[in-house]
Amino acid sequence: MTKPSLDLLRSMTDEHVLRALMQHERATRAQIAATTGISKPTISESVRRLTEAGLLMDTGERTTGRGGVGSYYSLSEDVGVALVVDIAPSGVTGEAVNAFGTTVARASVPLDRSAGEARTARALRKVTKEIGGAVRTAVVSAADPVDRRTGALVHLPDAPFLVGSLDPVAVMRPLVDGPVLVDNDVNWAARAESDSGCAQGVRDFVYLHLGEGLGFAVISDGEVRRGHRGLAGEIAHVSTTGPDGTAMPLTEVFAALGLRQPSSTAIDTVALRAASAEHRESIARAVCGVLMAAVSLVDPEIAVIGGEWGPDLTENIDRHQDTRKVPLVKAQIRDPAMTGARAHAVQELRSAIVSRSGR
């Protein structure tokens, strides 16, 4: 059996030290040794290497009490931050998070549904520049379909948020010292529910977003299924039962009921909440028709209902299920898209820090 090289052993030790400090924020060499099970002399050498590499720093704090004095170490500020960005009809919002998931800076630029590609790109660039600092990676949540090959947004007919084929990766790459990952906001919301919400431990579920826009995410074997181009879950134009009993695209049901915002295909959530019981049942029946089609195709364990008005109609939707009935669960996470994107950004930043230790 080939023995691991000295460089490999050092790299593995350095990773253990970094990950220990990512969990505890600050620790002495003795505490790191106790946490990792690695000898104190080996940890001391690793701390020295990582400090010289600019990844760790002596905080200046010292232990007190009996025994020798120990120095507390933490991650250096030079390890940088991750940028989390939300591109939504209301505006572009960005926040810088450190390796512990703490938000250390925030910036935003307001928009509207008719923002267009050029204006949204300017807002995205401005937010990224205002955050500044050593941005090691960026994770973007977008209220539009995302081409999985390029990260560019995909314009679909009758989309309620008009930003064309905006390419966040191209806009942000010159300003970010690392990869830029873009995904649809509903996919990020589904990840959030899987990580820390109502779908923890569930490997096969669907997430139905019902708000100003309509969205759908499929989680299969614990992974988001995005489709060939990244357009899986675009349910707005799936045919279902309309208010008069005839077939029509789901998005047209809200037009037929007068529940769209002026000059937009966006759903008027205020009017919907005040709608009559008859209209609410029509909506629930239409939504359930789309949900049953998805259940037949992907066979989920549960269906999570999220969005501004979706959870309020969960019981109504449930009444219209057929023999392929699936348990409906109300979403739990507040601001789920940013929550999911933020958690992934922290993971990416931590991986980037570990990678730097091996250079």
Side-chain angles (χ1 to χ4, degrees), residues 81-98 101-117 119-133 135 137-147 151-154 159-173 175-176 178-197 207 209-215 217 224 226 230 233 266 269 306-308 310 331 333-349:
V81 296
L83 177 59
V84 188
V85 177
D86 181 39
I87 303 175
S90 59
V92 175
T93 301
E95 61 181 43
V97 294
N98 62 21
T102 303
T103 300
V104 296
R106 186 178 282 109
S108 63
V109 175
L111 292 175
D112 53 54
R113 290 194 171 275
S114 60
E117 183 175 340
R119 186 174 156 206
T120 305
R122 287 195 297 271
L124 181 57
R125 193 174 293 110
K126 182 178 180 181
V127 163
T128 305
K129 288 181 178 179
E130 285 187 9
I131 292 292
V135 179
T137 186
V139 175
V140 180
S141 170
D144 262 348
V146 177
D147 189 317
L153 307 192
V154 180
F161 185 30
L162 304 177
V163 292
S165 300
L166 175 70
D167 188 347
V169 177
V171 172
M172 299 176 69
R173 186 181 286 124
L175 306 172
V176 176
V180 178
L181 175 65
V182 187
D183 205 353
N184 176 264
D185 56 353
V186 182
N187 286 343
W188 288 123
R191 287 183 175 97
E193 292 294 344
S194 177
D195 291 341
S196 55
Y207 183 102
H209 173 86
L210 302 171
E212 291 188 348
L214 303 166
V224 174
R226 300 171 65 207
T269 59
E308 295 94 329
I333 302 297
R334 185 176 181 181
D335 195 13
M338 280 294 278
T339 299
R342 188 184 299 111
H344 190 79
V346 171
Q347 291 177 3
E348 289 293 306
L349 176 60

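In plain terms, the two heavy atoms of Pro336 and Ala192 that are nearest each other are O-CB, 3.4 Å. Here the closest non-hydrogen pair linking Ser108 and Thr93 is CB-OG1, 3.9 Å. In plain terms, the two heavy atoms of Ile131 and Ala107 that are nearest each other are CD1-N, 3.9 Å. Shortest non-hydrogen contact noted between Ala143 and Pro89 is CB-CD, 4.0 Å. Residue Val154 comes nearest to Val146 through the heavy atom pair CG2-C, 4.1 Å, listed as atom of the first residue, atom of the second, then distance. The two residues Thr137 and Pro179 have their closest heavy-atom pair at OG1-O, 3.2 Å.
At a threshold of 4.5 Å between non-hydrogen side-chain atoms, the residues Val97 and Val346 count as touching. The side-chain heavy atoms of Glu308 and His209, taken from C-beta on, include a pair separated by under 4.5 Å. Under the 4.5 Å side-chain criterion, counting only non-hydrogen atoms from C-beta, Lys126 is not in contact with Lys129. Side-chain contact check for Pro168 versus Ile87: some heavy-atom pair is nearer than 4.5 Å. Side-chain contact check for His344 versus Asp183: every heavy-atom pair is 4.5 Å or farther apart. Side-chain atoms of Leu175 and Val135, non-hydrogen and from C-beta on, never get closer than 4.5 Å to each other.
Residue Glu193 holds its CD atom at 5.0 Å from CD1 of Ile333, rounded to the nearest 0.5 Å. The structure places CG of Asn184 at 7.0 Å from OG of Ser141, a figure rounded to the nearest 0.5 Å. Atom CG of Leu153 and atom OG1 of Thr120 lie 8.5 Å apart (nearest 0.5 Å). The distance from the CZ atom of Arg119 to the CG atom of Leu166 is 13.0 Å, given to the nearest 0.5 Å.
The backbone N or O of Leu124 sits less than 3.5 Å from a side-chain atom of Thr128, completing a donor-acceptor pair. Side chain of Asn98 to backbone of Val81: no donor-acceptor contact under 3.5 angstrom is found.
Remark: Arg342 does not engage Asp195 in a salt bridge, criterion side-chain N to carboxylate O under 4.0 Å.
Partner of Trp188 under the side-chain contact (heavy atoms from CB on, under 4.5 Å) criterion, out of Val139, Val84, Thr339: Val139 alone.
For Arg125, the CZ atom sits in a packed shell: over 12 heavy atoms of surrounding residues, nucleotides or ligands are nearer than 6.0 Å.
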